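For reference, the structure is listed below as structure tokens.
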Number of protein chains: 4
Amino acid sequence: MRAGRHFLQIPGPTNVPDRVLQAIARPTIDHRGPEFAALGRRVLTGLRQVFRTEQPVIVYPSSGTGAWEAALVNTLSPGDAVLMYETGHFSTLWSQMAGRLGLDVEVLAGDWRTGVDAGRIHDALTAAPDRYRAVAVVHNETSTGVTSDVAAVRRALDEAGSDALLLADTISSLGSIDYRHDEWGVDVTVCGSQKGLMLPPGLGFNAISAKARAATGKARLPRSYWDWEDMLATADDGFFPYTPATNLLYGLAEAIDLLLEEGLDQVFARHDRHGEATRRAVEHWGLELLATVPDQRSSALTAVLLPEGHDADHFRRVALERFDVSLGAGLARLRGRVFRIGHLGDFNDLMLAGTLAGVEAALRLAGVPIKGGGVEAAMAYLAEQP
Amino acid sequence: MRAGRHFLQIPGPTNVPDRVLQAIARPTIDHRGPEFAALGRRVLTGLRQVFRTEQPVIVYPSSGTGAWEAALVNTLSPGDAVLMYETGHFSTLWSQMAGRLGLDVEVLAGDWRTGVDAGRIHDALTAAPDRYRAVAVVHNETSTGVTSDVAAVRRALDEAGSDALLLADTISSLGSIDYRHDEWGVDVTVCGSQKGLMLPPGLGFNAISAKARAATGKARLPRSYWDWEDMLATADDGFFPYTPATNLLYGLAEAIDLLLEEGLDQVFARHDRHGEATRRAVEHWGLELLATVPDQRSSALTAVLLPEGHDADHFRRVALERFDVSLGAGLARLRGRVFRIGHLGDFNDLMLAGTLAGVEAALRLAGVPIKGGGVEAAMAYLAEQP
Amino acid sequence: MRAGRHFLQIPGPTNVPDRVLQAIARPTIDHRGPEFAALGRRVLTGLRQVFRTEQPVIVYPSSGTGAWEAALVNTLSPGDAVLMYETGHFSTLWSQMAGRLGLDVEVLAGDWRTGVDAGRIHDALTAAPDRYRAVAVVHNETSTGVTSDVAAVRRALDEAGSDALLLADTISSLGSIDYRHDEWGVDVTVCGSQKGLMLPPGLGFNAISAKARAATGKARLPRSYWDWEDMLATADDGFFPYTPATNLLYGLAEAIDLLLEEGLDQVFARHDRHGEATRRAVEHWGLELLATVPDQRSSALTAVLLPEGHDADHFRRVALERFDVSLGAGLARLRGRVFRIGHLGDFNDLMLAGTLAGVEAALRLAGVPIKGGGVEAAMAYLAEQP
Amino acid sequence: MRAGRHFLQIPGPTNVPDRVLQAIARPTIDHRGPEFAALGRRVLTGLRQVFRTEQPVIVYPSSGTGAWEAALVNTLSPGDAVLMYETGHFSTLWSQMAGRLGLDVEVLAGDWRTGVDAGRIHDALTAAPDRYRAVAVVHNETSTGVTSDVAAVRRALDEAGSDALLLADTISSLGSIDYRHDEWGVDVTVCGSQKGLMLPPGLGFNAISAKARAATGKARLPRSYWDWEDMLATADDGFFPYTPATNLLYGLAEAIDLLLEEGLDQVFARHDRHGEATRRAVEHWGLELLATVPDQRSSALTAVLLPEGHDADHFRRVALERFDVSLGAGLARLRGRVFRIGHLGDFNDLMLAGTLAGVEAALRLAGVPIKGGGVEAAMAYLAEQP
């Protein structure tokens with residue numbers, strides 16, 4: 001048994017607030033009774049504020065991966081062409097899933113250090129008019145710490161005259177980074193519970209547009225569990241077609257309250273501030289940020305490249321063993337070269353300071369050459385920016 | 001705010017023990033770290049004892065409905081013939097799902113009051129040799145309170161020389177009624193967390209045989225989220241291919257401990273005893289049990305028919321409003337005619353006495369003609385049978 | 001490990017509502033900071049509503065026994081005469097405490113089956129004018145299930161022209177049975193947290209009148225921990241002179257909310273109804289209520305005499321082992337002859353039905369001759385009286 | 001609502017581990033039943049290991065202040081002379097309490113910056129042979145961060161040939177700083193739950209020697225609630241004379257487990273290490289430690305003097321408002337001049353780093369002139385000393 005609180009600074013699951021943990025420990029109730037109906041309506045309404053939409057949001061007992069699948073099977077048919085953009089490991093997993101489900105996936109290759117280039121999407125759409133039924137992008141690529149401009153992707157579709165659906169993954173951005181389902185014209189927004197929503201994992205979300213919903217009529221991928229129409233049939237009453245994950249919904253109601261009590265704009269500003277403070281520490285240390293384009297750098301997490309010859313997984317083990325801090329690994333092609341600091345969710349200045357102090361000390365213990373004082377640089381910024 | 005504890009006596013979700021509720025409120029951890037690995041191995045190993053299998057058990061972040069889908073998509077191809085047996089509402093939902101997924105479903109019609117007639121399965125299999133790729137039955141039909149003999153179904157397949165896979169739904173029986181995945185030769189056992197496992201909803205399970213696993217090679221239904229092979233690739237290390245529902249897994253570990261501490265045979269005997277006590281009350285009241293065959297009557301729940309002219313949903317509302325007890329509704333063709341008493345999960349004699357007292361009093365208030373003394377009859381039995 | 005929920009039906013500690021249990025599990029805070037100040041003011045204000053007083057209520061980290069001591073040491077001097085009335089074991093313990101603290105205690109002997117006879121107090125006061133500095137009574141004698149008329153005691157003092165302080169113990173009545181500190185002219189009301197206030201044990205209370213407070217000036221019993229003036233010095237700011245039991249105060253705030261949400265009059269009516277239902281069961285069984293005077297029978301608990309030759313503690317063991325219900329023992333001179341059913345606190349009809357079913361069955365198993373049907377008699381009453 | 005976790009770095013109450021918070025949220029049980037007996041024996045036995053004694057430890061539902069009172073009233077008579085040593089605010093409060101209880105208190109004045117000078121105790125005892133019935137010292141003075149050598153005090157008594165009882169307050173040291181009730185020959189050790197024991201406040205402790213227990217026979221201070229003999233009469237059975245604070249005892253059992261799982265020597269080494277790291281930060285900042293004697297500097301907390309003209313309470317407000325960290329105030333004569341950093345209890349390196357980062361930044365924002373880099377200095381030490 002280790003004393004003190006573990007620092008869970010992977011980019012999700014994030015630290016779950018005590019109010020949410022307590023909420024999910026309340027006794028389970030009848031999911032067909034009046035008390036549940038009130039809960040169901042409360043979360044389904046509250047979620048619209050968080051997704052910034054007037055349209056329905058669907059909640060699955062699933063991980064975010066399930067919500068990816070739901071977005072595809074509700075809107076597409078076998079062989080449909082989908083244009084996806086490779087921003088990193090998670091966009092890659094999503095496109096692999098699309099392939100396994102029988103879709104015709106075209107991936108615009110990326111360098112895992114930059115976000116979506118909307119111009120390339122525009123070009124692909126104009127090069128093959130009417131080919132794509134959907135364009136799918138990841139808003140915040142969790143494997144790289146790069147945020148993409150979803151509104152720009154929307155404009156690219158519009159300018160190309162495409163009627164493809166726009167699907168966006170906000171798994172590691174919703175509730176952390178400004179996102180606007182309606183205003184940005186997204187057709188399906190995919191999310192999960194365990195990042196900015198500050199819940200344990202176990203819930204997946206689809207926010208859908210009228211156009212997406214209409215697409216279900218022609219979509220021929222087999223579906224049952226993920227079927228939106230079953231979900232929507234009882235949603236207005238606050239009910240679900242099969243047994244929902246009641247206790248996680250208790251937590252969701254509480255988490256929505258927390259976000260709205262703080263105010264979404266305040267939440268985003270807090271994340272922006274912690275992102276910038278983290279980057280100041282990294283740059284002070286003399287390490288390289290994986291994200292090369294400054295205004296694409298994520299407010300939810302920061303991925304850091306280690307110099308050649310240094311093993312990021314060794315460093316992460318030192319950090320865990322010596323300082324009880326969990327950091328994110330480099331994934332797939334970034335394995336061993338990168339570590340990731342999550343600074344999203346229920347988080348504050350001194351948790352960040354503790355995290356960065358652990359990173360700084362563990363980098364030294366792992367023999368990575370750095371310049372000291374990164375925590376101080378971060379704190380100096382935070383002190384200036386209340 | 002109502003004083004006192006709600007009596008959650010629907011046939012699931014069931015009352016979640018405090019130890020389980022507290023477990024799920026522990027801080028979420030890194031699902032890729034060593035502490036999680038220990039948890040993952042612990043639950044995946046412990047589940048084998050509960051399913052009585054030496055073979056793998058897969059855990060999804062999903063409801064039991066998702067585990068139904070997983071059983072089908074991992075083993076079957078579009079157009080494959082599946083023989084299903086109508087025992088009630090849930091077997092019907094499962095067969096509808098199979099149809100929606102593109103399978104060729106043959107349903108052996110039932111009367112919603114009796115269990116699977118294995119002879120009819122034998123006949124169907126011999127009438128169309130080699131036609132069926134799978135036979136699917138529900139072990140305990142939650143809508144009717146009827147338990148079927150799964151071992152007899154196995155024998156029917158064997159005697160018919162069928163090599164169809166045997167799929168069994170144990171959503172409302174596992175951890176409540178004796179069930180033996182290996183001994184009975186089941187290929188896929190489907191389960192959910194919120195009944196005999198005493199967890200909140202949000203986890204789905206597939207226990208699989210070597211034959212089922214081999215079937216994945218030829219199964220062509222599209223799958224990604226539900227893919228067993230992805231799950232099995234990391235299961236020995238205690239990990240999952242995508243973010244698992246960590247906090248529910250904490251609860252699962254605790255629930256498995258609770259079951260094994262009490263002893264599975266004791267758990268089953270406890271349920272049998274409560275089932276019999278409940279039936280004695282019902283019969284004392286002069287009401288009719290939905291389940292017509294005595295040895296098919298479920299130890300997990302009891303469905304009760306109201307006399308003509310009495311609305312079971314009105315009665316249930318009276319019970320809820322006046323006595324704060326939630327009872328199960330009659331479903332689909334049984335709507336309004338039946339109510340269901342759940343007596344499974346974390347339950348004891350006085351919880352049953354309280355439940356039956358509420359039912360008895362609410363029946364009277366709802367104007368249903370009954371003979372008083374049902375609680376006493378039940379308690380007399382319980383007192384005799386320690 | 002036993003399945004299902006324990007029935008904690010001793011007359012305190014009572015069943016603690018989940019909302020209160022969760023509240024006490026919140027992280028401890030700085031007891032000198034602004035967040036605590038808000039909590040302190042909230043509970044100190046809310047308690048006044050529960051005690052029905054406009055005057056201060058003091059909260060100690062202590063049991064109710066400590067609050068007894070506080071009432072004495074703040075108001076009295078060594079050798080002061082105190083008139084106490086023997087209603088049972090707890091009044092006896094309180095008078096023994098008074099003796100140990102150096103007071104001159106006069107006890108009006110009682111039969112442990114009836115409440116305070118205010119006439120005898122009047123007589124004692126008039127027989128020795130100016131002798132007594134305080135009169136102390138127990139509002140609801142937890143050892144016997146007898147409630148006394150505190151307003152009548154007040155009138156007795158007034159009619160006797162006594163200026164003695166009136167001290168009343170409401171440990172097992174406050175929040176369960178109507179009690180009015182101001183209207184009834186009580187000078188010190190003593191209470192504890194673990195009964196009608198639905199908290200775990202660990203808090204003691206003194207509600208005090210202006211007269212009681214004025215008495216501290218002359219009171220010479222040594223005191224420091226219990227000193228009211230230290231407590232009152234910071235109470236308006238919500239603070240305490242030494243570290244308070246913060247987490248129990250979280251629970252207290254929640255418990256006050258629960259009582260006020262339900263409404264005190266509703267709370268009392270609920271307890272009256274459960275007291276009457278319990279008595280109907282007992283009388284139906286043919287057993288004797290310890291409390292002989294009907295309108296003194298407690299709404300918080302019921303003490304039941306077993307017939308000669310039957311050991312109440314044996315019966316209680318049977319009830320605990322076979323039915324997992326904790327019942328109160330007969331205390332001191334009632335040991336082995338009496339058992340007590342607590343029906344106070346967070347309680348409802350079906351919890352009572354379960355409790356009574358357990359008592360009825362265990363009485364039979366213990367060989368106590370009773371007439372069956374007590375639960376039914378109780379439920380019939382409850383069904384008639386919504 | 002503020003995001004993230006509050007840093008509770010006052011020198012008590014300390015951060016309560018989740019395991020302890022969950023334990024205290026378990027349902028309350030019958031304090032006279034067999035399950036409680038097991039709990040009672042477990043905590044009373046476990047506490048002996050923590051106090052390092054073979055003799056009884058008594059647990060009160062009270063704050064530590066109550067345990068001070070218990071130590072005095074059980075062993076002394078009105079007018080008895082007690083020699084107390086002024087180490088700071090808490091030793092002063094204890095001596096004031098002794099005076100209020102009617103004892104003849106002689107205080108050896110101190111400077112609030114150094115610990116007990118055992119030589120002065122020796123001199124006082126030899127100057128007035130047989131005068132003192134007790135000598136009382138504070139092991140770790142929470143108001144100053146100074147630890148005294150209790151073993152040296154024992155030797156002073158022995159060398160003076162005094163048979164006075166030795167009373168020691170370990171409220172802010174037990175479970176944090178090495179302490180040995182038996183080996184050091186202490187007669188009454190006083191403690192509370194909310195510091196090194198990592199519990200919420202609400203429990204007080206007395207560990208007692210055979211000599212202390214024997215002293216009760218002649219001790220004439222009135223006592224009832226605090227009476228040791230009542231407590232000891234049922235302690236071997238695991239019971240208490242009046243209702244104990246059951247839920248805090250659940251937490252105590254868990255906290256003892258946590259301490260013993262980590263190992264007391266490891267616990268002390270951890271605290272020593274964090275104390276040294278904190279002092280390195282303070283000295284790096286160029287601020288003055290209140291404790292002037294190096295080997296008296298506390299491993300539980302560090303008190304820091306601000307330069308003339310700077311208001312420590314203003315600084316603490318800045319720290320709380322801007323960085324959500326609670327720090328201890330300067331008390332009584334130190335008000336406004338000193339702040340205190342608690343680094344005891346359930347604590348680790350990164351929690352300390354976060355705390356020190358908040359202190360450093362808030363000092364700057366409050367205009368206190370410091371040299372930056374204190375966090376780095378602390379972390380450098382921690383990294384060197386695993």
Side-chain angles (χ1 to χ4, degrees), chain C residues 5-6 8 10 12-16 21-22 24-35 60-66 68-70 73 78 93 96-98 100-102 192 194 199-204 221-227 240-248 320 326 328-329, chain D residues 5-6 8 10 12-16 21-22 24-35 60-66 68-70 73 78 93 96-98 100-102 192 194 199-204 221-227 240-248 320 326 328-329:
Chain C
R5 180 156 289 269
H6 178 67
L8 181 71
I10 55 174
T14 63
N15 295 287
V16 180
L21 288 174
Q22 290 212 329
I24 67 173
R26 294 209 304 264
T28 309
I29 54 173
D30 179 4
H31 57 297
R32 305 288 185 209
E35 188 179 343
Y60 296 106
S62 78
S63 74
T65 300
W68 274 351
E69 186 159 315
V73 300
L93 288 177
Q96 288 171 350
M97 170 186 271
R100 289 168 73 174
L101 293 175
Q194 76 275 18
L199 284 164
L203 296 179
L221 275 174
R223 64 179 173 274
S224 176
Y225 187 74
W226 307 114
D227 198 285
F240 291 83
Y242 43 76
T243 315
T246 305
N247 291 51
L248 293 176
L320 178 60
S326 290
Chain D
R5 180 156 290 270
H6 179 67
L8 181 70
I10 54 174
T14 63
N15 295 286
V16 180
L21 287 174
Q22 289 212 330
I24 67 173
R26 295 208 304 263
T28 308
I29 54 172
D30 180 5
H31 57 296
R32 305 288 184 207
E35 187 179 345
Y60 296 105
S62 78
S63 75
T65 300
W68 274 351
E69 186 159 314
V73 300
L93 288 177
Q96 289 171 350
M97 169 187 272
R100 289 169 72 174
L101 293 175
Q194 76 275 20
L199 284 163
L203 296 178
L221 274 174
R223 63 179 173 274
S224 176
Y225 187 75
W226 308 114
D227 198 286
F240 291 82
Y242 43 76
T243 315
T246 304
N247 291 50
L248 293 176
L320 178 60
S326 290

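Chain naming here is simple, since letters A, B, ... match the order of the sequence lines and numbering starts at 1 in each. As a basis for the values below, the full set of heavy atoms in this structure was taken, side chains included, without hydrogen atoms, waters or symmetry mates. What you are looking at is a predicted structure, and each value in this text was computed from that prediction instead of being measured.
In terms of heavy-atom pairs under 4.5 Å with chain C, the best-connected choice from Ser326(D), Ser62(D), Gly328(D) is Ser62(D). Residue with the most contacts toward chain C among Leu199(D), Thr243(D), Asn15(D): Thr243(D) (heavy-atom pairs, distance under 4.5 Å). Interface check for chain C: of the options Gln22(D), His6(D), Arg32(D), His31(D), the most heavy-atom pairs under 4.5 Å are formed by His31(D). Most heavy-atom pairs under 4.5 Å with chain C, from the set Pro200(D), Pro201(D), Gly64(D), Gly66(D): that is Pro201(D). Counting heavy-atom pairs closer than 4.5 Å to chain D, the top-ranked of the candidates Leu221(C), Val16(C), Ile24(C) is Ile24(C). When Ala245(C), Ser224(C), Gly202(C) are compared by the number of non-hydrogen pairs under 4.5 Å with chain D, Ser224(C) comes out ahead.
If you measure heavy-atom distances from Ile10(C) to chain D, the contacts under 4.5 Å come from the side chain alone. For a residue to count as touching a neighbouring chain, one of its non-hydrogen atoms must lie under 4.5 Å from one of that chain's; by this rule Leu248(D) touches chain C with the side chain only. For chain D, the nearby part of Ile29(C) is the backbone; its heavy atoms alone come within less than 4.5 Å. Heavy-atom distances place the side chain of Pro34(C), and not its backbone, under 4.5 Å from chain D. For a residue to count as touching a neighbouring chain, one of its non-hydrogen atoms must lie under 4.5 Å from one of that chain's; by this rule Arg223(C) touches chain D with the backbone only.
To the nearest 0.5 Å, the span separating CG on Asp30(C) from CG on Leu320(D) amounts to 8.0 Å.
Residues Thr246(C) and Gln194(D) form no side-chain contact, since every pair of their non-hydrogen atoms from C-beta on lies 4.5 Å or further apart.
Put simply, the residue from Tyr60(C), Trp226(C), Tyr225(C) that forms a ring pair (Phe, Tyr, Trp, His ring centres under 6.0 Å) with Tyr225(D) is Trp226(C).
The two residues Ser63(C) and Pro61(D) have their closest heavy-atom pair at N-CB, 3.9 Å.
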